[in-house]
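Here's the structure, in structure tokens; my notes come after.
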Amino acid sequence: MRRCRYRGQPKAHLQHVLTAIPVNIERLSGQPSTEETPAPRPPTAFQTYLDQHGISRSKSWRTLGT
């Protein structure tokens, strides 16, 4: 996996993407399955600053459609 089989950046990128897929699947299959939701992450320094100064946080781009 260290040497690229193809010449040219587009082909090399495609090979890297196609190689990353099974690597990520293997990583995910090795993780223990949990039914509980993960604990929320602590706020970042920027979020803490916004809260301290009473500035409203904008909604996450992930939740804009919901």
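Residue numbers run from 1 in the order of the sequence given.
For the salt bridge (Lys or Arg N to Asp or Glu O under 4.0 Å) condition, no pair includes a residue of residues 18-28, sequence neighbours left out.
In this view, Leu50 and Phe46, Ile55, Arg57 satisfy the side chain to side chain contact (heavy atoms under 4.5 Å, CB included) rule, not counting sequence neighbours. By the side chain to side chain contact (heavy atoms under 4.5 Å, CB included) test, Ile25 pairs with Ile21, sequence neighbours left out.
No side-chain heavy atom of Leu14 sits under 4.5 Å from any side-chain heavy atom of Lys11.
In this structure, CD on Gln9 lies 10.0 Å from NE2 on His16, to the nearest 0.5 angstrom.
No donor-acceptor pair under 3.5 Å is formed between the side chain of Gln52 and the backbone N or O of Tyr49.
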